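All values below were derived from every heavy atom in this structure, side-chain atoms included, with hydrogens, water molecules and symmetry-related copies excluded. Just so you know, residue 1 is the first one in the sequence shown, and it goes up from there. Bear in mind the structure is a predicted one, so any value in this text is a computation, not a measurement.
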Amino acid sequence: MTMIQKVLIANRGEIAVRIIRACRELNIKTVAVYATVDRDSLHVKLADEAICIGDHRLENSYLNHNAILQAAVNTQVQAIHPGFGFLSENADFVRACERVGITFIGPSADLIDKMGDKQTARETMIAAGVPIVPGSKGLIHDLAQAYQVAQEIGYPVLIKATAGGGGKGMRVCYDASLLEDAFNQARQEAFNAFNNADVYIEKFVEGPRHIEIQILGDKHGNSVHLFERECSVQRNNQKMIEEAPVQNLSSKTRKKLYDVATKAAKQVQYVSAGTLEFIMDKDENFYFIEMNTRIQVEHPVTELITGVDIVKEQIRIAEGKPLSFKQSDLKTNGHAIEIRVNAEDPDQGFRPMAGTLNGLHFPGGNGVRIDSFVYQGYKILPFYDSMIAKVIVHGSNRDEAMEKAIRCLEEIDLDGIKTNVDFQLEILLNQKFQDNVYDTTLVQTLLKGDKHV
Ligand code: ADP
Ligand code: ADP
Ligand code: MG
């Protein structure tokens with residue numbers, strides 16, 4: 001058992017703030033690290049200590065292993081929480097933490113190797129008997145192999161970066177004549193975003209839903225699932241709105257999802273918080289697409305319906321404590337919806353926007369949670385992800401949660417910066433969303449049909 005008394009948070013933005021708040025409630029001291037341009041960021045203000053680790057370039061700051069480890073050693077923390085993105089699924093960084101005797105709040109480097117890389121995860125899941133999307137057996141090394149594999153699987157196919165995340169490094173291909181471009185573009189985008197151009201090929205499932213299962217495992221071999229989330233509101237394969245639990249799902253499929261996820265967690269002896277992501281077709285056939293071996297952006301919807309604080313549980317698990325509950329202790333209560341608020345302009349192809357937030361009003365009231373890091377006068381920077389807030393609502397049922405979400409987006413006021421709020425409101429008011437009969441093509445359909453093209 002490691003007693004964790006001080007944690008370094010190797011991230012920024014709302015997730016850094018989220019983690020600092022959990023630590024504070026647990027009486028754990030916090031150390032923020034920040035890039036020079038981030039000195040006015042809320043995570044810097046809220047942490048007990050803050051260390052500047054480099055300039056705005058990611059490799060110099062939030063991806064700078066040495067600077068972060070040096071800050072951790074100097075401030076004598078016992079543990080590092082990576083948040084999401086950045087170093088959260090970087091096995092080399094986890095090994096470096098292990099070498100200097102600092103606990104990484106997340107799975108071991110070996111587990112990340114096994115599950116964090118998509119192609120390897122597919123192989124691990126096959127061994128665990130989990131259904132996966134039909135696709136290539138391993139990485140695709142050249143164009144000739146790509147043609148052959150795509151032919152075998154049958155078009156349309158999806159070329160995917162093995163290191164992918166946030167919807168990047170993915171290209172659909174409907175026809176062999178377009179394969180060369182798709183293959184090259186996917187590789188190039190993957191290399192730019194992840195410094196790894198490796199790709200594999202999957203069958204492209206048309207109009208699927210994205211359904212995922214949250215799991216938690218401790219270092220004593222216990223694991224549980226925390227039910228499911230629907231994340232089918234997506235633009236460019238990136239989630240925009242998430243909800244939990246999934247209402248329009250047969251109990252048979254739901255149970256099968258839980259069984260598969262629990263079996264997978266046991267099979268790999270998963271430790272910490274993780275998510276198994278699936279796509280599901282109209283007949284409720286589902287296929288594993290990837291595992292996220294970290295806390296996720298949408299974790300709050302699960303927290304609201306289960307009452308479990310997933311970040312606190314991650315910390316307890318890292319300390320070596322057993323899970324604080326058994327599967328049979330867990331129940332869902334009501335319905336939760338999360339809306340990602342991004343500083344971006346829907347009228348300019350969702351181009352990220354930087355600038356000063358002159359005025360700010362966040363909605364509140366019964367069943368409303370805001371996870372954010374912006375404040376009035378804060379200058380939104382062009383160097384980082386455009387997500388600036390998450391509005392999360394909880395109601396006794398889906399309709400009530402939806403009404404609350406609509407009310408919140410009508411009330412929110414972000415002055416001085418363009419955001420996706422009106423577009424998100426349009427989605428919430430869309431009949432298909434209201435009737436709960438939507439899939440991952442919903443946003444694309446909306447964009448085709450109106451002014452936002
Ligand atoms: P990322 O790491 O970027 O999150 P994922 O593999 O989770 O990548 O895929 C992101 C999204 O892309 C999915 O939620 C889904 O909407 C879409 N997608 C992924 N794989 C497929 C597939 N084989 N067929 C159709 N859509 C897919
Ligand atoms: P999730 O898989 O948690 O649903 P996404 O894949 O949509 O979330 O987005 C998470 C991605 O956001 C990360 O993998 C990374 O590319 C990017 N990201 C990294 N750091 C941050 C941050 N501080 N705030 C928002 N997004 C971030
Ligand atoms: Mg994903």
Side-chain angles (χ1 to χ4, degrees), residues 2-54 61-64 67-88 93 97 102-106 272-273 294-300 302-304 308-319 321 338 340-341 357 360 362 364 368-381 384-385 387-392:
T2 342
M3 259 297 273
I4 297 181
Q5 288 159 328
K6 199 172 182 185
V7 168
L8 181 144
I9 296 106
N11 213 304
R12 68 181 301 281
E14 66 85 19
I15 193 63
V17 170
R18 164 74 186 88
I19 297 161
I20 291 169
R21 288 178 172 151
C23 289
R24 187 143 283 205
E25 290 171 24
L26 290 170
N27 254 319
I28 293 172
K29 294 264 182 262
T30 52
V31 178
V33 291
Y34 64 99
T36 45
V37 288
D38 249 342
R39 75 180 72 79
D40 294 327
S41 252
L42 192 60
H43 75 291
V44 175
K45 295 179 200 279
L46 290 185
D48 295 301
E49 290 169 63
I51 311 259
C52 183
I53 47 169
S61 44
Y62 298 108
L63 293 179
N64 186 339
I68 292 169
L69 285 171
Q70 191 64 58
V73 170
N74 290 350
T75 53
Q76 297 181 305
V77 302
Q78 291 82 35
I80 295 182
H81 197 306
F84 49 69
F86 297 142
L87 299 172
S88 60
F93 181 69
C97 289
I102 289 175
T103 302
F104 177 83
I105 302 177
S272 195
R294 53 171 167 86
I295 190 82
Q296 273 186 299
V297 175
E298 60 272 25
H299 76 277
T302 299
E303 296 187 324
L304 292 185
V308 172
D309 187 313
I310 299 175
V311 173
K312 284 186 189 169
E313 211 52 37
Q314 280 189 301
I315 296 172
R316 292 175 44 88
I317 292 166
E319 287 184 310
K321 292 179 180 143
E338 172 181 277
R340 300 191 188 193
V341 175
L357 206 51
L360 170 67
F362 275 137
V368 177
R369 164 173 168 183
I370 306 287
D371 278 18
S372 179
F373 67 109
V374 298
Y375 51 85
Q376 187 163 347
Y378 177 74
K379 210 166 153 223
I380 294 159
L381 300 167
Y384 305 106
D385 194 275
M387 189 175 76
I388 56 170
K390 305 188 299 205
V391 175
I392 314 121

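Distance check, rounded to the nearest 0.5 Å: OG of Ser61 to CG of Asp38 gives 8.0 Å. Separating the CG atom in Leu8 from the CD1 atom in Ile19 is a distance of 10.5 Å, to the nearest 0.5 Å. With rounding to the nearest 0.5 angstrom, the CZ atom of Arg18 is 11.5 Å from the CD1 atom of Ile9. With rounding to the nearest 0.5 angstrom, the CG atom of Asn74 is 10.0 Å from the CD atom of Glu49. Summarising the geometry, atom CD1 belonging to Ile28 is positioned 6.0 Å from atom CD1 belonging to Ile4; distances are rounded to the nearest 0.5 Å. Once rounded to the nearest 0.5 Å, the distance linking CD of Gln5 with CD of Gln76 reads 11.0 Å.
Asp309 and Lys312 make their closest contact through OD1-N, 3.0 Å (heavy atoms, listed as atom of the first residue, atom of the second, distance). Contact record, Ala318 with Ile105: CB-CG1, 4.0 Å, taken as the closest heavy-atom pair. Of all the heavy atoms in Phe104 and Ser88, the pair that sits closest is CZ-O, 3.8 Å. What you find for His81 and Val311 is that their closest heavy atoms are NE2-CG1, 4.2 Å. Nearest heavy-atom pair, Phe84 versus Asn11, reported as atom, atom and distance to 0.1 Å: O-ND2, 2.7 Å. When all heavy atoms are compared, the tightest approach of Asn64 to Ile53 is ND2-O, 4.2 Å.
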- Message: side-chain contact (heavy atoms from CB on, under 4.5 Å) for Val297 and Glu338? Distances and angles first, verdict last.
- Response: CA-CA 9 Å; Val297 175; Glu338 172 181 277; 3.8 Å; yes
- Start with the C-alpha gap between Phe362 and Val374, add the side-chain angles, then the distance that decides, and say whether side-chain contact (heavy atoms from CB on, under 4.5 Å) holds. CA-CA 10 Å; Phe362 275 137; Val374 298; 3.9 Å; yes
- Message: Walk me through whether Met3 and Glu319 qualify under side-chain contact (heavy atoms from CB on, under 4.5 Å).
- Response: CA-CA 6 Å; Met3 259 297 273; Glu319 287 184 310; 4.1 Å; yes
- Message: One pair to check against side-chain contact (heavy atoms from CB on, under 4.5 Å): Lys29 and Val77. What are the steps and the verdict?
- Response: CA-CA 9 Å; Lys29 294 264 182 262; Val77 302; over 6 Å; no
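Side-chain atoms of Val73 and Ile102, non-hydrogen and from C-beta on, do get closer than 4.5 Å to each other. Between Phe86 and Asp385 there is no side-chain heavy-atom pair separated by less than 4.5 Å. Side chains of Leu69 and Phe93 form a contact here, defined as non-hydrogen atoms less than 4.5 Å apart. Between Met387 and Ile15 there is no side-chain heavy-atom pair separated by less than 4.5 Å. You'll find the side chain of Leu304 reaches within 4.5 Å of the side chain of Ile392, heavy atoms only. In this structure, Arg12 and Leu381 have side chains that are in contact, with non-hydrogen atoms separated by less than 4.5 Å.
Between Lys390 and Glu298, none of the side-chain N atoms (NZ, or NE/NH1/NH2) sits under 4.0 Å from a carboxylate O, so this pair counts as no salt bridge. The pair Arg316-Glu313 meets the salt-bridge criterion, since a charged nitrogen lies less than 4.0 angstrom from a carboxylate oxygen.
Lys6 places a side-chain N or O within donor-acceptor distance of the main-chain N or O of Thr75, the cut-off being under 3.5 Å. Under the 3.5 Å distance criterion, the side-chain polar atoms of Glu14 are left unmatched by any main-chain donor or acceptor of Ala389. Ser372 places a side-chain N or O within 3.5 Å of a backbone atom of Ile388 that can act as its donor or acceptor partner. Glu303 contributes a side-chain N or O that, together with a main-chain N or O of Ile310, makes up a donor-acceptor pair within less than 3.5 Å. Not one N or O on the side chain of Asp40 forms a donor-acceptor pair closer than 3.5 Å with the backbone of Tyr378. No donor-acceptor pair under 3.5 Å is formed between the side chain of Thr30 and the backbone N or O of Val7. In this structure a side-chain-to-backbone donor-acceptor pair under 3.5 Å is present from Arg39 to Thr36.
Between Tyr62 and His43, the ring planes are tilted. Angles from 30° to 60° get that label.
Counted within 6.0 Å of NZ on Lys379, heavy atoms from surrounding residues, nucleotides or ligands total 12 or fewer; the atom is thus considered open.
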